[in-house]
Amino acid sequence: MITLKINSKQIECQEGITANELASELQVKGKKLLAVKVNNELVSLRGRIEINAKVEGVYDDSIDGANIYRRTLCFMLAAAAHKLFPETRLIIGHSLGTGYYYTFDNNGVSKAEITALKNELDSLISKNLPIENKVISYEEACSLFEEAGLIKTRQQLEYKCPPKVLLNVLDDYSDLYTGPCAESTGFINLFELRPYDDGFLLRFPAEKKPDSIPEFTDNPKIFEIFKRYKDWGKKVGVSTAADLNNLILKRKINDFIDITETFQAQNYARVAQQIYERGNVKVVLIAGPSSSGKTTSAKKIALHLQALGYNPKVISLDSYYVGREHNPKDENGNYDYECLEALDVELLNQNLNDLFNGKEIQVPSYNFDLGERYYTGETMVLLENDILIMEGIHGLNDKLTPKVESKYKFKIYLSALTQLNLNDHYRVATSDNRLIRRIVRDSRFRGKPAAATIGMWESVQKGEKLHIFPFQNNADAVLNTALDYEIPVLKVYAEPLLKAVKPTEPEYSEACRLLRFLDNFDLVPETYIPKQSIVREFIGGSSFHY
């Protein structure tokens, strides 16, 4: 017998009881139970519990529940495509709002094919077929993926070679297990297939809003960058984890690092040229979500502008906090330093216009310990070839600089948008890339354990959704700061930090998920990384001063 703690109640059960058998103890009115956490480990409803444990329900209105819903829907789409178009590869791409972009390997998807996929998904849902797990041998897995035409999944088994391979199974279709799915196809009741560009969007409910598909909002600038990088990945022959691991194995990763850094430098130079050609730009505003590389990007843009004859100067938005006495608080009573009202917008605009009119200003500073502004006597004036660079989360929001003429502003949005996939059906999420960057940086420079970084990530993302993402399309230029070789570098630092997250901590399930993700990549030592690479902002050793 084992003892399980459920909702502060202890019950005695037979060892090996399935999570599904506990459903009656975990059901919450108005919510759909999708999985459970067993000692903070995410387990499907078909999973068995072998030890004494605390068991918690995972519901459709939670972040974990949303991830399970999406993973299940994507798996069902792959099964549907395999049944309808067995000779065609379905390839997942970038996220776009609450949806994922898909194409076929022949680069075109007709409306008739999209309709057929929708009908097949509807059929799977109505049949409520079970989604099961199965363990097979390495040799069987290689044969299975070859026969199914899952080329990239099969290639990955050349570099990740476990004796046993865990699968998700739906009817006669199998694919690699990357995390728990819903118990059966009937749990998926909402989705939309929408034609987009050369492919289509698979759309799903937003996190914490499981009962509807949100209105579609296009992000053409982000999609354009994604497509450019995806095309570049095809040209250089690196579009999946297997491709990258092949370069590492064959000792060709150094060449790829150089190519990747050169390509990124060309994009920075292109944006600097846009600024130069505008002619009347006086301030460059740089914004992006957490760990998108804003600090290094500001320095790289400054270098490229210097090469064009400018003399860049930096104004820190942190210096314009209103002070603790006037700072707004969030719903929990904590100071909200991310809202626009935390900044003295009036003073900032006055200082900027004074500078643009040739006047000298007193440059403010901010004491974070005391929570108040002060002045050191530092002054600033803009000469003929001077240009300001400001980076911060509100850079794209015109409410930050309402009194500055538009012709003087050039706005840059940063996104760590990797074009890599794990294989045809599993993408590398931009948010995962940024979270791993932040885990490494927080540990190396702030002494923060991985659990602490994971624990505050939801709050960080909430701020991004409020203050950054709604203004993406206001940007004059978009820069992708992801480097396709960086995950194998970050893995060196992130893996031991994630392994130190304990099962007694609520962040354990997320740490396990990230470890499974990192397991797809071989290692690259930091000695290979250029001193001015954005990766250095997170691992250290940069030639830039931060």
Side-chain angles (χ1 to χ4, degrees), residues 261-262 264-288 291-320 343 345 347-366 375-398 400-401 403-415 468 474-481 530-537 542-546:
E261 291 283 351
T262 300
Q264 190 178 78
Q266 289 173 345
N267 287 301
Y268 277 93
R270 185 180 296 114
V271 171
Q273 186 66 32
Q274 284 180 252
I275 295 168
Y276 176 80
E277 290 173 357
R278 278 263 298 265
N280 53 4
V281 175
K282 296 184 182 293
V283 59
V284 178
L285 298 153
I286 301 175
S291 301
S292 57
K294 293 186 288 294
T295 305
T296 302
S297 292
K299 294 179 181 297
K300 284 177 173 283
I301 286 291
L303 285 176
H304 285 286
L305 289 174
Q306 282 180 286
L308 294 171
Y310 287 102
N311 177 35
K313 293 184 176 181
V314 175
I315 284 189
S316 173
L317 280 176
D318 288 353
S319 300
Y320 287 88
L343 298 173
V345 172
L347 177 62
L348 173 65
N349 282 260
Q350 181 63 52
N351 282 173
L352 289 177
N353 281 315
D354 284 347
L355 286 169
F356 300 159
N357 291 323
K359 298 178 182 179
E360 183 179 79
I361 68 164
Q362 295 287 324
V363 179
S365 297
Y366 190 79
Y375 290 86
T376 64
E378 179 187 356
T379 62
M380 180 183 290
V381 65
L382 287 187
L383 303 177
E384 183 179 357
N385 292 326
D386 291 348
I387 188 169
L388 289 175
I389 295 179
M390 296 171 55
E391 58 99 350
I393 63 172
H394 298 289
L396 304 185
N397 186 350
D398 282 327
L400 176 70
T401 52
K403 296 184 179 180
V404 177
E405 291 187 61
S406 296
K407 66 180 181 179
Y408 293 144
K409 297 183 284 190
F410 191 94
K411 291 173 284 189
I412 302 173
Y413 176 72
L414 305 180
S415 181
I468 300 174
N474 291 353
D476 297 296
V478 178
L479 277 169
N480 183 11
T481 66
K531 294 296 183 182
Q532 289 190 351
S533 173
I534 275 182
V535 180
R536 292 284 180 187
E537 183 175 329
S542 176
S543 60
F544 291 125
H545 296 290
Y546 296 106

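For Lys359, the side chain to side chain contact (heavy atoms under 4.5 Å, CB included) test picks out Asp354, with sequence neighbours left out. For Lys313, the side chain to side chain donor-acceptor pair (under 3.5 Å) partners at least two apart in sequence or on another chain are Asp386. Take Thr296 and apply the side chain to side chain contact (heavy atoms under 4.5 Å, CB included) test, not counting sequence neighbours, and it matches Lys300, Ile534, Glu537, Phe544, Tyr546. Ser543 pairs by the side chain to side chain contact (heavy atoms under 4.5 Å, CB included) definition with Lys531, Gln532, not counting sequence neighbours. With sequence neighbours excluded, the residues forming a side chain to side chain contact (heavy atoms under 4.5 Å, CB included) with Ile468 are Pro289, Ile393, Tyr413, Glu464, listed by chain and number.
Residues Leu285 and Gly395 approach most closely at CB-O, 3.6 Å, considering heavy atoms. Heavy-atom minimum distance, Leu479 versus Ile412: CD1-CG2, 3.9 Å. The two residues Ser319 and Tyr366 make their nearest non-hydrogen contact at CA-CB, 4.1 Å. In terms of heavy-atom proximity, Gly288 sits nearest to Lys294 at O-NZ, 3.1 Å. Taking both residues in full, the closest heavy atoms of Ile315 and Leu355 are given as CD1-CD1, 3.8 Å, listed atom of the first, atom of the second, then distance.
A donor-acceptor distance shorter than 3.5 angstrom exists from the side chain of Asn349 to the backbone of Leu400, with no hydrogens or angles considered.
Note on residues 274-288: pairs passing side chain to side chain donor-acceptor pair (under 3.5 Å), not counting sequence neighbours, are Gln273-Glu277.
Annotation: side chain of Ile275 is in contact with side chain of Val284 (closest heavy-atom distance under 4.5 Å).
Note on Asp398 versus Lys409: salt bridge recorded, some NZ/NE/NH1/NH2 to OD/OE distance being below 4.0 Å.
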